[in-house]
Structures are given as structure tokens and as C-alpha cells.
Amino acid sequence: MTAALRRVAETLLVLLVLSVLTFLLTSLAPGDPAEEILRRGGIQPTAESVAVLRGELGLDQPLFSQYLQWTLGVLRGDFGRSNVDRAPVAAEILSRVPATLRLAGTASLIAVGLAVLVSVRAALRPRALDSRIAKVATVAIAAVPPYISGILLISVFAIGLRALPTGGDGSPGAVILPALTLGLAGTATLLRLLRADLAAAARQPFVKLAVAKGLTARRTIVVHMLRVAAPGAITAAGVVLTELLAGAVIVETLFAWPGVGQLAVAAIRQRDIPMVQAYVLLTALATVLVLTLADLCVSAADPRARR
């Protein structure tokens with residue numbers, strides 16, 4: 001219970017620091033939001049009109065008061081209104097979350113599936129030609145930056161073969177290319193760690209004993225080695241998932257995928273400060289929650305991690 005409370009306290013402290021950094025970095029950016037809003041509304045900003053709008057938005061208050069009001073609003077689920085269309089920020093982000101979760105979830109399945117298949121195959125038959133080819137090909141493809149691999153996939157499967165759409169979310173197959181682009185980016189990290197953990201597990205005395213007793217290689221890997229490698233694999237999966245959430249910004253923009261990442265890029269271009277603040281804070285919150293969940297899963301799988 002003490003460890004759990006300490007973990008909760010650490011998580012809250014991290015979120016507090018992140019909220020301060022997010023607010024300061026976005027609030028101190030060059031430009032006046034009041035002037036931006038007036039210009040977008042077709043109004044030539046004057047000193048008087050800017051002062052009136054700044055008062056309505058609370059921008060004339062001290063920075064600490066602005067942070068306090070923003071934080072209290074966030075705790076109520078209110079991230080303010082967009083500077084572009086004055087729509088509630090929370091509602092706009094929530095409308096994009098399902099698309100991002102669908103993309104990140106599919107990419108995670110690809111990354112985990114490829115990493116487990118290749119690493120287990122390599123453990124079963126380390127010198128087989130197909131194991132070596134799959135290992136080299138996976139690492140080589142995954143080492144390519146997502147925007148490059150995305151362009152290549154579009155060129156081959158969308159433009160060349162005309163088998164899949166180039167972008168958007170208009171058909172069930174539209175998620176394949178962006179998810180493959182994003183998933184390959186996380187495969188190398190998972191594959192490298194899982195292979196190392198499986199190799200370490202193979203050197204454990206009880207694994208050698210199981211082999212000496214005549215247990216098949218497949219059963220030895222599934223029953224013993226994967227269980228030993230599970231804590232490291234869970235930690236790596238958590239890190240990869242956070243990387244996928246961050247990398248979704250590039251992939252969603254490249255494939256015109258209507259998720260939160262595409263919304264964030266548009267907000268940055270339009271200097272929509274409330275939208276950027278909400279995106280940064282929610283992404284940081286999702287990262288902290290994923291890593292905390294991974295730690296809890298590791299503690300459940302390996303009692304030594306609870307000490």
C-alpha cells in the first residue's frame with residue numbers, strides 16, 4: 001500500500017510539473033492571442049479592442065492567476081475555447097480521440113505481433129535463413145523514419161498497386177498504411193529488447209534443466225522463456241506505445257488521418273494556444289498513465305519489482 005501511495009504521489013507531482021511547463025511555454029510564446037482572434041474575425045485590432053478582449057479572456061490578469069484559472073478549468077474538464085472558431089477545446093479533442101486510438105491500437109498490434117513472431121522464431125531456429133532475413137528486414141524497415149516509410153508505402157500500395165487508399169478515413173482499409181507506418185517504427189525497439197531478454201532467459205538454470213528433461217523447444221520458450229522475458233517486454237511495450245502516441249502527429253498529417261495529432265498540427269500552424277495547451281497536457285497525461293500501467297503490470301508479473 002505504501003509503494004502504491006508513493007507511486008500515486010509521484011504521478012501527481014509529475015502531472016503538476018507538466019501542467020506548469022505546458023502553461024508557461026505556450027503562454028510565453030510570441031504573439032498576442034487577442035490580436036489573433038480579432039484578425040481571424042475580420043476585425044482590425046486597435047489598442048482599445050485588444051484591451052477589451054484581453055480583459056474578457058482574462059489575459060490582463062497576472063500569469064499565476066491565469067494558470068490557476070486554467071488549472072481549475074482543466075480539473076473540471078474545461079480546456080477553454082479555441083482561438084480559431086471559439087468552439088470548446090475539450091469537445092473538439094474528444095471528437096478526434098477515437099480515430100487516434102484506432103490508429104495507435106492497430107499500430108501497437110503490428111509492432112508487438114512482428115516483434116514476438118520474429119524473436120520467437122529466432123529463438124526456435126536462430127541459424128535458419130528465414131529467421132535471419134526476417135530479423136534484418138524488420139530492423140532495416142523499422143530504422144527508416146516514419147515519414148519516409150509512409151511515403152514509400154503510399155508509393156507502392158496506394159499509387160503503384162492501387163490496393164489501398166492514400167489517406168483519410170473513408171474506408172475500413174484506410175487504417176492499414178498509417179498503422180503499418182507507425183507500427184514499424186516501434187518494432188525495432190521491441191524486437192531488440194525481446195531478443196535480449198529471451199537470450200538471457202535461455203541461460204537460466206531452470207530453462208537448461210527443462211531442456212535436459214526433454215521439453216520441446218517450442219514449449220520451453222512459451223512456458224518458461226517468455227514468462228521470464230515478460231517484465232522487460234511489458235516495459236518496452238509501454239515505452240513503444242508512448243512513442244506511437246507521439247509519432248501519430250507525423251503519421252496522421254502524412255495520411256490526412258482525422259485524429260488528435262492532425263488537430264494539433266493545425267492548432268500549431270494557426271497559433272491556437274488553448275488547443276496546443278490541451279494537446280500537450282493530455283499527451284503528457286496519457287504518457288504518464290501508460291508508463292504507470294506498465295510498471296503495475298511488471299510488478300504483477302515479477303514480484304522482485306515490488307521491492
Side-chain angles (χ1 to χ4, degrees), residues 3-19 21-22 93 97-120 123 138-139 141-143 145-146 175 178-201 221-222 225-252 259-261 264 279-307:
L5 290 176
R6 186 172 64 247
R7 182 67 184 178
V8 171
E10 291 173 352
T11 302
L12 292 176
L13 180 60
V14 168
L15 292 177
L16 177 63
V17 172
L18 286 173
S19 70
L21 291 176
T22 300
I93 289 181
V97 166
T100 294
L101 289 181
R102 185 150 49 95
L103 174 60
T106 308
S108 300
L109 290 177
I110 292 172
V112 173
L114 276 177
V116 171
L117 283 175
V118 174
S119 57
V120 169
T138 305
V139 173
I141 295 173
V175 73
L180 195 57
T181 302
L182 202 55
L184 287 175
T187 302
T189 304
L190 272 177
L191 180 61
R192 186 171 60 252
L193 293 175
L194 195 53
R195 278 176 48 212
D197 288 340
L198 285 176
I221 291 173
V222 173
M225 294 172 60
L226 280 180
R227 189 167 58 184
V228 174
I234 293 171
T235 302
V239 173
V240 168
L241 183 55
T242 59
E243 291 177 353
L244 295 183
L245 289 173
V249 173
I250 298 173
V251 175
E252 288 184 2
V260 180
Y279 171 77
V280 174
L281 186 62
L282 290 175
T283 302
L285 176 62
T287 301
V288 171
L289 291 179
V290 168
L291 294 179
T292 301
L293 182 61
D295 286 346
L296 293 175
C297 291
V298 170
S299 298
D302 185 1
R304 293 172 298 177
R306 301 172 198 164
R307 298 172 187 169

Measure the shortest side-chain to side-chain distance between Thr181 and Ile250 over non-hydrogen atoms and say whether it is less than 4.5 angstrom.
no
Taking C-beta and beyond as the side chain, do Val288 and Leu18 meet within less than 4.5 Å on heavy atoms?
yes
Interatomic spacing from CG in Leu15 to CD in Glu10 - rounded to 0.5 Å
12.0 Å
If you compare all heavy atoms of Ala294 against all heavy atoms of Gly238, which two are closest, and at what distance to 0.1 Å?
CB-CA, 4.3 Å
Residues Cys297 and Ile234: closest non-hydrogen pair is CB-CG2, 3.8 Å
Nearest heavy-atom contact between Thr106 and Ala179 is CG2-CB, 3.5 Å
What are the two closest non-hydrogen atoms of Ala99 and Gly259, and how far apart are they?
CB-CA, 4.1 Å
Going through the distances and angles, do Leu282 and Val260 end up as a side-chain contact (heavy atoms from CB on, under 4.5 Å)?
CA-CA 10 Å; Leu282 290 175; Val260 180; over 6 Å; no
Distance-minimising heavy-atom pair for Gly183 and Thr187:
O-OG1, 2.9 Å
Is any side-chain heavy atom of Ser19 less than 4.5 Å from a side-chain heavy atom of Leu281?
yes
By the salt bridge (Lys or Arg N to Asp or Glu O under 4.0 Å) test, which pairs, at least two apart or in different chains, include something from residues 99-117?
Arg102-Asp169
Kindly say whether Val97 contributes a backbone atom to a donor-acceptor pair with the side chain of Thr100 at under 3.5 angstrom?
no
Ala107 to Leu182 - nearest heavy-atom pair and separation
CB-CB, 3.7 Å
